[in-house]
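Structure first, commentary second.
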Amino acid sequence: METRGLTIRFGGHVAVNAVSCAFRAGELTCIVGPNGAGKTTYFNLISGQLPASAGQILLGGEDVTRLPVPEKTRRGIGRAFQLTSLFPNLTVFENVRLAVQARLHLGLDLFSVWSHHRKVREQAEACLERVALADKRHQPVAALPHGDQRKLEVGILLALQPRVFMFDEPTAGMSVDEVPVILDLIHEIKQDRSKTVLLVEHKMDVVRSLADRIIVLHNGTLMADGDPAEVIASPIVQQAYLGVAPPDGAGAGNAEASHG
Amino acid sequence: MADDPILRLRGVHTHIGPYHILHGVDLDVPRGGVTMLLGRNGAGKTTTLRTIMGLWRAGQGSVHFDGRDITRLATPAIAQAGIAYVPENMSVFSDLTVAENMRLAARSGAIDEQRLDWVFRMFPALKIFWHQRAGVLSGGQKQMLSVARAIIEPRQLLIVDEPTKGLAPSIIQNMISVFCELKQTAVSILLVEQNFHMARSVGDTVAVMDDGRVVHAGTMADLAGDEALQQRLLGLSLAAHQ
Amino acid sequence: MTTSSTLPEAPGVPSAPADLPKVRLDWTPLALAPLLMLLAYPLVGSGSTWLTLTVAGLAMGMIIFVVSSGLTLVFGLMDVLNFGHGAFIALGAYVAASVLLPLAPWVEADNLALNLGAFALAIGAAMLASGAVGLFFERVVVRPVYGQHLKQILITMGGMIVAEQLIKAIWGPETIALQLPAGLRGAVLLGDAAIEKYRLLAVVLGLVIFIAMLLLLNRTRIGLLIRAGVENREMVESLGYRIRRLFIGVFVAGAALAGLGGVLWGLYQQNITASIGAQVNVLIFIVIIIGGLGSTTGCFVGALLVGLMANYTGFLFPKVALFSNILLMMLVLLWRPQGLYPVAKR
Amino acid sequence: MTRLLSGDLPRSRALSVLLLLLLLALACAPFLFPGARALNMAAKICIFVVLVASYDLLLGYTGIVSFAHTMFFGIGGYGVAIAMSRMEPGWAALAAGTLGALLVAALLALVIGLFSLRVRAIFFAMITLAVATAFATLVSQLSDWTGGEDGISFKVPEVFTPGFSLGDTEWFGVPLNGKLFTYYFIFCAALALFLLLLRIVNSPFGRVLQAIRENDFRAEAIGYRTVVFRTVSTVLSAVFAALAGVLMALWLRYNGPDTSLSFEIMVDILLIVVIGGMGTLYGAVVGTALFLVAQTYLQDVMKLASDATAAVPLLSGLLHPDRWLLWLGLLFILSVYYFPQGIVGRLRGEGAGRDVAT
Amino acid sequence: KDIKIAHVYDKTGALEAYAKQTQVGLMMGLEYATNGTMTVNGNKLVVIEKDTQGKPDVAKAQLAAAYSDDRADIAVGPTSSGTALAMLPVAEEYKKILLVEPAVADSITGEKWNRYIFRTGRNSSQDAIANAVALDKPGTQIAMLAQDYAFGRDGVKAFKGALKNAKIVHEEYLPTNTTDFTAGAQRLFDSLKDKPGRKVIFIIWAGAGNPFKIADLDPKRYGIEIASGGNILPAMTAYKNLPGMEGATYYYFGIPKNKVNEWLVSNHYSKYKTPPDFFTAGGMSAGIAVVEALKKTGGDTNTEKLIGAMEGMSFDTPKGKMIFRKEDHQAMQSMYHFKIKVDPAFAWGVPELVREIKPEEMNVPIRNKR
Ligand SMILES: Nc1ncnc2c1ncn2[C@@H]1O[C@H](COP(=O)(O)OP(=O)(O)OP(=O)(O)O)[C@@H](O)[C@H]1O
Ligand SMILES: Nc1ncnc2c1ncn2[C@@H]1O[C@H](COP(=O)(O)OP(=O)(O)OP(=O)(O)O)[C@@H](O)[C@H]1O
Ligand SMILES: [Mg+2]
Ligand SMILES: [Mg+2]
C-alpha cells in the first residue's frame, strides 16, 4: 500500500499535509508523533472515513482514494479504532460473526437462517480463540471491561482478514498485565509475511519492541522515516515528541507564583 | 485537624443495575499530596471515583469530604463542596468550543488570565484550538482539555481518572509537572493511573484495588521499592517498564 | 520555566491561532428571505399586491416563529422531541379565551389602551398557565425519557392526547369563537396595499421574542450550559451546576412561549378547537427542521420563509401552495442537509 | 417447528403459552366469538400483526424511525380499492391491484430510502412525516381515483361477499359464508407473511440490520454498505405494509384516508411496537392483540365504570365513554413507563434498556 | 316488544360537538313525536348509541354490530360523509334501514345510494342551490372561494349549475389547511375589482381555518361583498364583522315559525340554557321521521314495510314539512334566505329571514341510478 501526497484540510488548518509513504507487506510500521499530529486523521483518510483533499491512496497498485468505506474494507484495508467502536448490545460472538459474514459477502442473504451457516460460525469461533475471548462469547459487549473491549476490537479486525492492518493505540488504557495479549497478537500477524501492519502507539517501549520502521508525523507533515533506533535518536523526535524533560522544581515554583 | 484525611471512604458498596461492583471500599486521601489509586482493568477504580462524585450511589458505607458527609449529596453539591473531576472518557463537550468548555469549567464566571496562561504553557494545543469545536480535537487533545477544565480554578480536591491515556510522552511529562506544581499548592489529588512511571513520579501515597476492594494501602516509596509487592498486586515488574 | 511546557516549534509548522478560522456567523441563510422577496417581485407584477403579500407573509412568519420558538428551545437545547408541544399551544389559546370572553367590554371598547390591556392580560394568563402545566409535564411525562427520542415521541404524544381530552372535558368540545380587540381589527392601507393591524402587532411581538432569545442564549452562560448538559449531563453536574433545575426552567419557558403562541394563533384564527395544537404540529416541525433543529436564528428564518412562500405560491401557483411547506423543506435540505443552521451533530 | 420459526423461539414459557393461546383464539375466532364486532376485531388483529411486524423490521431491527408507514399501508389499500372499482371485481383485479400497489410502494420506498437515509435519524423521521402528509394531500386531490376524503367502497370477488354461501350447512352454528372465507383467507395470509418476516429478521441480512442499528459507523467499517441495507429494509417493510393494506381493504371492502393513511394509525403502530417490545416480532403479535382489544372494548368498560361512579361528579365525567381517548393517552404514557422493554422483554426478563432513535 | 333504534354517529373525534347536537335532537324528536311516551303502538323505543370515533372502518363495524349483535331495527347517523359512505353497503348487506343524518355528501343519495338509505339531512346540492337562489340576480358577478378537495369542488359545481342570471368570474380553491388567506384574497380581489355591477365573493368552507378573515383586508374599498351560507352558531361569530351579508341557511332557531320549532326552542332553552343549533334540528327531524314511519306501519319493524311507509312520507319537523322523495329517499325541505344583522345581545351575527325558499323552488337533481 502506498499514499502519495495525501492531504486533508479543515478550513485553513492542514491536518495531514502531503504525506507520501509506501508500506511493504510483511513490515510493521509504527507511526508516532505528538498529540494532534494527524495520525488518526491519516488513518481516517486511508480507511475512508474522511475524504482526501488531495493526493492518492494506492492498494496493490490500484487507486482506491475515492472508494467508500465498506468497499475499502472489502479490498483489504482493515482498521481498529482509537476510541473503541463496537456493537454494544450484541454478544461478543455476534460482533465477530458479523465481521466474518461481511467478508464472505453473505449480508444480502434474506431467506436463510443465520445460524445455519456453519462456516461463518467456525471462523468466528477461531477468531475469538485467538484474542482469548472465547469464554465470554455470550456476554453482551456493553458489560465487558475496557481491556476486553480493546481485545474484541482487534478480534473483529482479525475476522476481516485484511491485507493491511491498522491499529490506533490498541493498548491505550489497558492495564499492564493485559497488554502482552495484544502485542503477541500483533507480533503473530507480523510473522505472516503477506500482511502490512500500521501501528500508532505512544508507548515507546512497545514501539521499540515491535517496529520494523518508524515514521514521524508532526503537525500533519512527515518529519522522519526510517529505522527505529535511528528515528528515535533523531533530534526532532527527542525534542518535539519525547520532550526531554529535566525534572526541576523551578517550573513548579514559577507556576505557584503565577496563581498563588 | 491537618492530618485528618480530606477524603475518607468507609465500607462503600456500589451496585450498577444488578451487578455488585464495589465490595466495601475503605480509602483515605490525605490532605495535600497525591494519592494514587492503582489496579487492573475492571478492578473498580472508575466506579470508586464515580461513587465519590455521586454519579453512582453507594448502597452502603459513607463518603466524608473535609469532615462532611457527602454520601447522599447530589453531584452538583459535591462539586461545589470543592471537588473537581476528570472522568475516564474525558467527557469534553464536543458541541462547544474549547473556550466555551473552559468557560463552563470556571464556575466563578470569568477565567483567571494568569492561571490560563499557565494552562496554555502546559497544554499548548489548547491555545491553538481555542475557538474550535472540542469535537474535532484529537484524542490526546481532548484529554488535555479535560484536565485543563479541572485545574482552571483552584479546588480542594482533584479526582483524575487516567489522565495520560493516549498522550504523547512529552505531554505526559507536562502532565507530571502539572501535578507536581499543583502539589505545591494546597490541593489534594486522587489519581487513577495505569502508567506506573507517572504514578511513581508524582504519587505520595498509594492504594491498590482488586475486585472491588482496596487490597493494599501505603506510601508510594514502599511500593516502588518492593518488586514482589508490585508483581503480586499489579502483575507487573517495574524493571520491564522503565 | 520548565522546558517541557513549551513545545518546540518545528521548522515551517503553522501553529499560530490566526490560522484557524473562528466560528463565524454564516450570513447566507439570512439572505434567503430578502432574496425570495426580490425574486417574487417581478413574478407578482403589481407593486401593491406584492407589498400586501410580503408584509402578510412576513407577519405570518412571525406568528409561526412565536408558535415554534418554544419547541426550538426545548428541542434545540434539550433535545426533547416534544410532540405534545401543540397541547401548550391549545392551552394558551383556551386560557386566553377564558380571559377575553369575560373581558368583552374591554375587548370591544373603543380605546386602544383597554384593548391592549385585555390582550396583555390574556397573554400573561396564557403564559402562566402553560408554564405551570409545562412544569408538571416535565416532571411527570418528559423526565423519564430524556435522551430517548422514540420514547419521547410516544410519551409526549400520549400527553398530547390526554391534554386535548382534558381541554374538551373542561371547556367542552365546541368551537369557541374569539374576537380580536376592537382596535386591532381591520387593516391599514398603504396605497392599494392592505395590511392587517393585528399582523403588525404580531411582527413586533415576534421581533421582541427573537431578540430576547438571542440575547439570553448568546450573552449568558445558560445556552452553553444547556447545550453541554444535553451532551453530557453527568459532566455538567460534576462541574457543579444544577442542570436539572435549568432543564425544568427551559422546559417551562418553552411551554410558556407555546402558550403565547397559542394566544397569537387563536386570535389570528378567531376560533379555537381542542385540536388547534395538533393542526400546527406538522407546520412547526417543518419550520424547525428547516432551521436546523434548534437554532433560534434558523427557526426565525425558516418561519419567515414558510410564511412568505405560502403567500407567494398561493398567489402565483395555488396548486403548488398545497405542498409549499414540504417543497420548501426539501429545497432547503437539498441545499443544506442539516438545515439552515445545523446545531452540531447529535 | 424450529425451522418454521427460523430458529427464533419465544425463549420464555409464559410468552410461548401466550402466543399459542393467541394463535388458537385467532384460528377459531369465528366459532369462539361469533359476534360481528368480535370477528371484525380478530380480522383486524391478523392484519395489524403484519403491519406492526413490518414496522418493527424498520424500527426495532434497523433502528429507523419513519412516520410514513401508513402511507404504504394506504397504498396497498388503494391499490385494491382502485383496481376493484375500475375493473371487473374478480381475482384478476385483486391480483392487478396488489401487484400495482406493491410496485408503487417498493418504488416509493426506494426513492425515499436512497434520497434521505443519508441524513440524521431525526431528519429522516421528519422527512417521512412530511412525505406522508404530502401523500395524504395528493390522495385527497386525486378524488376521481381515490374518492377523496370519502374513500371508496367497492365490490369484491363473489367468494369474499357475505352473500356467498358454501352450502346451507352450519358448523357449530356458524354459517359457512363468504365472510368466514374472507376471515380465513386473511388469517392464513397474515400467518404466512408473519413467518416470512420472521425468516427475514433471522437471516444474515436481518442480523446486519441489527448491527447497523447498534453502530452504523462500525458496520460500514467492517464492510456493509449501510445505505443499501437500510434501503432494502425500508423497501421490504413498505412491501409488507402494502400487503397488510391489501388485506385490510379486502376485509372492509372499503378504503379511505381515515382507515389507512391517518396519523393516528401511525401512532398506534408505534405504540404497539413499543408495548410489545422493539426488535422482537413476537412483540408485534402480543402488542397488537392487547392494544386492539383495549381499543375495541375500552369504551364499554368505561361505560360500566362511569355508571358505577355516577355519584362522583368529576370522576364519572372523566370516565364517560366519550373520554376514552383520555385513558388511551394515559395508557400510552404508562406503557412507556412500565414496559420500557415491552411485554416480550418483560416476559423474557431482559436487563438494561436501549433506545434506537438516539 | 321493544323497537331498537341504533344511533351510530361520530360521538368522539373531530366532530364531537356536532354529534352531541344530533343526539340531543334525536332524543327530543322521539319524545316530541311520541308525546313523551317513547312508545309506538305500545312498543317501547330503545335507543342504542354507537360511537364511530369518526373512522369509517369503526363505523362499518359498529353498524354491523348494531344490526346483527344488538338486533337494531333501524339505524340513524352518522355525522361525517366519509363514515356515512362507508356505512351504506352495510345497510344493504343486512337489509335494514339507515336513516342518514346529518352527513351531507350528494353521493349518499346519489350514485352510492341503495334502497335502504334515507336521509333527513339536506344534501350539498340543496345547500348550494338555495344559496344560488338567494344571490341569483342579473348583473351580479360572483367569485367563488372553496376548499381544494371534493367537497369544495362539488359545492361550487352545484352552485354554478343552479345560477341562471348571475355570472361566475373566478373560482379560487385553497388547501383545506390554509391559515393565511391573503394570497387567495388578492387573487379574488384582482378577479373582481374591475368588474361592473354587484360584486360578490361567495365562500364555501367547512372545518378549520377562517376564510372570513379576508374581510379584514377591506374588500369594500373595491365594492366587493362577501357572502356565504348559514353555519352553526359558533362559526357565525365571524359573521358579526359582516353585517348585511346575504346567503341561504339550513336552519337558524329564530327563523322557522311552526309548532315543532317553538317546542324545540323552548324545551331546548329550558333544558340546556342555549338555543338549538343546526344539528339539533336535524337530529329532531330524524327522530320524528322514525316515529312517523313506525306509526304508519303500526309498530311493525319489517324493513320492506318501513320502506314502503317512508317512500313519499311527509312529516312535520322544526323546519316545517319534509317529504322523502320516492326516487332517492332524500328529504325535500325548505331553506332560508337570510341577511346578517348585528345584535349586541347575541355573540354571533344574527341571520334575519329574507324569505323562505320552498322545496318546489329548488330543482334538486336526482342523481342515483335507480
Ligand atoms: N473535523 C475536523 N475539523 C477540524 N480539525 C480537525 C478535524 N479533525 C481533526 N482535526 C484536527 O486535526 C489534527 C489531527 O488530529 P488527529 O486526531 O489525527 O491527531 P492524532 O495524531 O491522532 O493525535 P492523538 O495522539 O492525540 O490521538 C488535530 O489537531 C485536530 O484538531
Ligand atoms: N455500566 C456498567 N454496567 C455494568 N457493569 C459495569 C458498568 N460499568 C462498569 N462495570 C463493571 O464494573 C467493574 C469495575 O469497572 P471499573 O470501570 O470501575 O473498573 P476500572 O478499575 O476503572 O477499570 P479500567 O482500568 O478498565 O478503567 C468491571 O467489571 C466492569 O465490567
Ligand atoms: Mg489519534
Ligand atoms: Mg476505569
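Each chain gets a letter, A, B and so on, in the order its sequence line appears, and its residues count up from 1.
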Min side-chain heavy-atom separation C/Ser238-B/Tyr85 under 4.5 Å | yes
By ring pair (Phe, Tyr, Trp, His ring centres under 6.0 Å), B/Phe179 pairs with (sequence neighbours left out) none
Any chance you could measure B/Asp95, atom CG, to C/Arg227, atom CZ, to the nearest 0.5 Å?
-> 6.5 Å
So, does C/Arg221 use its side chain to make a donor-acceptor pair with the main chain of B/Arg103 at under 3.5 Å?
-> yes
Which portion of B/Ala99 sits near chain C, non-hydrogen atoms under 4.5 angstrom = neither
Is there side-chain contact between C/Glu237 and B/Met53, with heavy atoms separated by less than 4.5 Å?
-> no
Judged by atom type as modelled, is there a donor-acceptor pair below 3.5 Å linking the side chain of B/Arg107 to the main-chain atoms of C/Leu239?
-> yes
For the candidates B/Leu104, B/Thr75, B/Ile176, B/Ile159, which exhibits the highest count of non-hydrogen atom pairs separated by less than 4.5 Å from chain C?
-> B/Leu104
When you look at C/Met235 and B/Phe93, which way does the side chain to side chain contact (heavy atoms under 4.5 Å, CB included) test go after all the steps?
-> CA-CA 9 Å; C/Met235 192 56 218; B/Phe93 303 121; 3.8 Å; yes
Do the side chain of B/Glu100 and the main chain of C/Leu224 share a donor and acceptor less than 3.5 angstrom apart?
-> no
Over all atoms of both residues, closest heavy-atom pair of B/Ala77 and C/Arg242 = CB-NH2, 3.9 Å
Identify which part of B/Val92 has an atom lying under 4.5 Å from any heavy atom of chain C, answering side chain, backbone, both or neither.
-> backbone
For the side chain of C/Glu234 and the backbone of B/Leu55, is there at least one donor-acceptor N/O pair under 3.5 Å apart?
-> no
Contacts of type side chain to side chain donor-acceptor pair (under 3.5 Å), residue B/His15, not counting sequence neighbours | none
